[in-house]
Amino acid sequence: MTEGGTTVVIGAGVSGLSFANWWRERHPGASVLVLEAESEPGGYCRTVVQDGFVWDYSGHFFHFKDPAIEAWLRARMPGQEVRTVQKRSTIRYAGRDIDFPFQKHIHQLPHDEFLECLVELYFRPAGDAPPRSFGEMLYRRLGKGITDKFLRPYNEKLYATDLDRLDVDAMGRFFPHADIADIIANMRPRPSGAGDGGYNATFTYPAGGAVQYIHALLHDLPAGTVSCDEPVTAIDLAARAVITPRRRIAFDRVVSSAPLPALARLCAVAHDLAVFSSNKVLVFNLGFDKKGPRDVHWMYFPDRGLVFYRVGWYDNILAPAAGAPDRMSLYVEIGAPHDAVFDVDALRQRVLDDLRREAIVTNHQLVAHHHVVLDPAYVHITQASLAETARLKALLADHGVHSVGRYGGWTYCSIEDNLIETRALAQQLS
Ligand SMILES: Cc1cc2nc3c(=O)[nH]c(=O)nc-3n(C[C@H](O)[C@H](O)[C@H](O)COP(=O)(O)OP(=O)(O)OC[C@H]3O[C@@H](n4cnc5c(N)ncnc54)[C@H](O)[C@@H]3O)c2cc1C
């Protein structure tokens, strides 16, 4: 069966659903079909409710820069409590808790290590040419002490790659830059209530979990717009048709949020697969019978001897106003190379052992657990990936196929960035 010309969206995550909204706002009554491979919408912005615990597909917290975007979403979340939380994040370093970001809190280190970081910062290598990699940028901006104690081990656990492979700007605005003046100024106690100046000094979080934003994006879409369990298996660029196991759909335009190398394969467009490397993240959501530490939302772990790089406490964000039980509710993130094979049971046990080692779990009983693998999770942004992404996006756009989103753009971004990008595309294509 072939259906008439339409706007086909691939993926019912934040990017696909937001494009469908922006397009219909500009073209009321236009035919938009969102095809989703999975059995439910949401992509990585999904929530699991299990045994009274509310868990996401990893800690998803929201830092909207544009109040209009946030207001647009909130207007479509009737009755949903959205909490604004002053962020409390720390780094567990050699048994003590240092405020995040590390580079702005070296004065909280043991005295000898503080002096070492300060001296290395002052005498950091200058260099004539701009730094060529993310790893080199860290040494050149922050010195060997700060880099080797936190930035390199932590980010190598997260990205599961050598930082010298990554582009200087691999983390974009998400990297908390600080110069010597900032670092020294920050050694004086701040007036109470002043944040750390990072991009996410406060964050918001809906009581019903991150999926509430997906519900908001579904709110105005007519029934039948989203078709789940319907993967796109090929795109015929010459005939301008999208093919799924159920049908062949003639398109006016395609907007895809599938990972860019997968989209290139669907379109049978030659591409350099080797440049699209990424990590994957195994997320454990763990529910315990009683509360643990109370004054922290998430904690970073640079110690290579610990299996996880980050642990977060849902219970300290939601409880008690949202009715969350008086129990510890954790997400635990493990970074791994793309081709790693996970022994989930053994890793869960290792996580519990490491949580005990760090005194996060003491006399607690694990009463519920869940896990999910995000693959890809963090893409490795390199000079080669940037060039190949730009080339493929331009080539596909010439055929009416537009690649968007975190993985369609092979980038590092937030859900707000996904909304902003797709709004601009809807405007451009109109
Ligand atoms: C560990 C982690 C933590 C994060 N934390 C935050 C946070 O705190 N705050 C924040 O704002 N953002 C966060 N993000 C980023 C956020 O998850 C993404 O920006 C957002 O979810 C990306 O949405 P998307 O629609 O672009 O992609 P996705 O969510 O990946 O959606 C793409 C969809 O396309 C579908 N699809 C793929 N191929 C096909 C096909 N062939 N046919 C049909 N469907 C297909 C997939 O099934 C999926 O549903 C985090 C990301 C990660 C990995």
Side-chain angles (χ1 to χ4, degrees), residues 8-20 33-47 56-65 69-70 73 85 87 89 158-159 173-174 199-200 203-206 209-211 213-214 217 226-235 242-246 249 254-267 278-283 297-298 308-310 312 314 317 331-336 372-379 401 403-422 425:
V8 175
V9 176
I10 303 178
V14 174
S15 300
L17 293 176
S18 57
F19 180 82
L33 177 62
V34 183
L35 299 170
E36 170 53 54
E38 301 265 332
S39 56
E40 57 180 4
Y44 283 0
C45 200
R46 269 185 278 173
T47 299
D56 293 334
Y57 271 29
S58 180
H60 264 76
F61 306 106
F62 303 97
H63 330 275
F64 292 94
K65 297 174 301 245
I69 293 260
E70 184 162 26
L73 287 164
V85 182
K87 183 190 71 172
S89 62
L158 166 70
Y159 281 102
R173 71 181 169 87
F174 298 92
Y199 73 93
N200 55 352
F203 63 90
T204 55
Y205 189 71
V211 76
Y213 289 115
I214 296 298
L217 290 166
V226 181
S227 177
C228 288
D229 286 321
E230 188 168 8
V232 172
T233 51
I235 301 175
V242 162
I243 294 134
T244 78
R246 290 189 220 162
I249 308 156
V254 170
V255 173
S256 171
S257 58
L260 184 56
L263 177 65
R265 196 172 57 246
L266 291 175
C267 295
S278 56
N279 79 347
K280 60 182 175 187
V281 169
L282 170 61
V283 182
H297 300 124
W298 57 87
F308 38 74
Y309 65 82
R310 189 169 74 150
Y314 284 112
I317 292 164
Y331 63 90
V332 178
E333 296 171 323
I334 299 173
V372 61
V373 176
L374 306 177
D375 181 14
Y378 291 88
V379 306
V401 175
S403 190
V404 297
R406 181 169 168 117
Y407 303 103
W410 208 251
T411 190
Y412 189 149
C413 64
S414 69
I415 67 158
E416 183 185 29
D417 297 323
N418 301 140
L419 278 120
I420 291 171
E421 180 198 14
T422 53
L425 181 66

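What you see is a predicted model, and the numbers here were worked out from it, not measured in a lab. Whatever order the structure lists them in is the order used to number ligands and atoms, beginning at 1.
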**Prompt:** Can you find a heavy atom in the side chain of Val379 that is under 4.5 Å from one in the side chain of Tyr407?
**Reply:** yes

**Asked** Quick one: nearest non-hydrogen protein atom to atom 19 (O) of ligand 1, plus distance?
**Response** Asn418 OD1, 2.8 Å

**Prompt:** Taking the six-membered ring for Trp, are Phe61 and Tyr314 parallel (under 30°), tilted (30 to 60°) or perpendicular (over 60°)?
**Reply:** tilted

**Message:** Does either side chain, that of Ser58 or that of Glu333, offer a donor lying less than 3.5 Å from an acceptor on the other one?
**Reply:** yes

**Complete:** heavy-atom search around atom 34 (O) of ligand 1 in the protein gives Gly11 CA, 3.1 Å

**Message:** Which of the numbered atoms in ligand 1 are under 4.0 angstrom from any heavy atom belonging to Gly43?
**Reply:** 29 (O), 31 (O), 48 (C), 49 (O)

**Prompt:** Given side chains that start at C-beta, do those of Asp417 and Lys65 come closer than 4.5 Å, heavy atoms only?
**Reply:** yes

**Complete:** the protein heavy atom lying closest to atom 48 (C) of ligand 1 turns out to be Glu36 OE1, 3.5 Å

**Request:** For Tyr378, take its heavy atoms, then give the atoms of ligand 1 lying under 4.0 Å from any of them.
**Result:** 1 (C), 2 (C), 3 (C)

**Phe174/Tyr378 aromatic ring centres below 6.0 Å** = no

**Asked** Hey, does Ala262 sit under 4.0 Å from ligand 1 if you only count heavy atoms?
**Response** no

**Asked** For atom 10 (C) of ligand 1, which of Val242, Ile415, Thr422, Asn279 has the closest heavy atom?
**Response** Ile415

**Asked** Looking at CD1 of Ile69 and CD1 of Ile415, how far apart are the two atoms once the value is rounded to the nearest 0.5 Å?
**Response** 9.5 Å

**Minimum non-hydrogen distance to atom 39 (C) of ligand 1, winning option of Val14, Val9, Ile10** = Ile10

**Prompt:** When you measure from atom 53 (C) of ligand 1 to each heavy atom in Tyr407, Phe61, Tyr57, which option holds the nearest one?
**Reply:** Tyr407

**Item:** Flag side-chain contact, heavy atom, 4.5 Å: Phe64 against Thr204
**Value:** yes

**Item:** Aromatic ring pairing Trp298/Phe203, orientation class (parallel under 30°, perpendicular over 60°, tilted between)
**Value:** tilted

**Request:** Pull out every atom of ligand 1 sitting under 4.0 Å from any heavy atom of Pro231, numbered as shown with elements.
**Result:** 42 (N), 43 (C)

**Fill in**
Counting from 1 in the order shown, the ligand 1 atoms closer than 4.0 Å to a non-hydrogen atom of Gly13 are 25 (O), 31 (O)

**Prompt:** Roughly how far apart are Ser227 OG and Arg246 CZ, rounded to 0.5 Å?
**Reply:** 4.0 Å

**Prompt:** Between Arg406 and ligand 1, does any nitrogen or oxygen pair lie at a separation below 3.5 Å?
**Reply:** yes

**Test item: Ile214 and Thr47 side chains (from C-beta on) under 4.5 Å apart, heavy atoms** = no

**Prompt:** What residue and atom, counting heavy atoms only, is the protein's closest point to atom 5 (N) of ligand 1, and at what distance?
**Reply:** Gly59 O, 3.3 Å

**Fill in**
Atoms of ligand 1 under 4.0 Å from any heavy atom of Ala258, numbered from 1 in the order shown, are 37 (C), 38 (N)

**Request:** Under 4.0 Å, heavy atoms only, figure out whether ligand 1 is touched by the backbone of Ala37, its side chain, both or neither.
**Result:** both

**Complete:** To atom 24 (P) of ligand 1, the nearest of Ser227, Ser15, Gly405 on a heavy-atom basis is Ser15

**Asked** Which protein heavy atom lies closest to atom 42 (N) of ligand 1, and at what distance to 0.1 Å?
**Response** Val232 N, 2.9 Å

**Item:** Shortest protein contact, atom 6 (C) of ligand 1 (heavy atom only)
**Value:** His60 CD2, 3.5 Å

**Asked** Do Glu38 and Arg46 come within less than 4.5 Å of each other through their side chains, counting heavy atoms only?
**Response** yes

**For Tyr44, the ligand 1 atoms whose distance to one of its heavy atoms is below 4.0 Å** = 17 (O), 21 (O), 29 (O)

**Request:** Below 4.0 angstrom from a heavy atom of Glu38, which ligand 1 atoms are there? Numbered from 1 as shown, please.
**Result:** 47 (O)

**Prompt:** Can you check whether Val211 reaches Asp56 side chain to side chain, under 4.5 Å on heavy atoms?
**Reply:** no

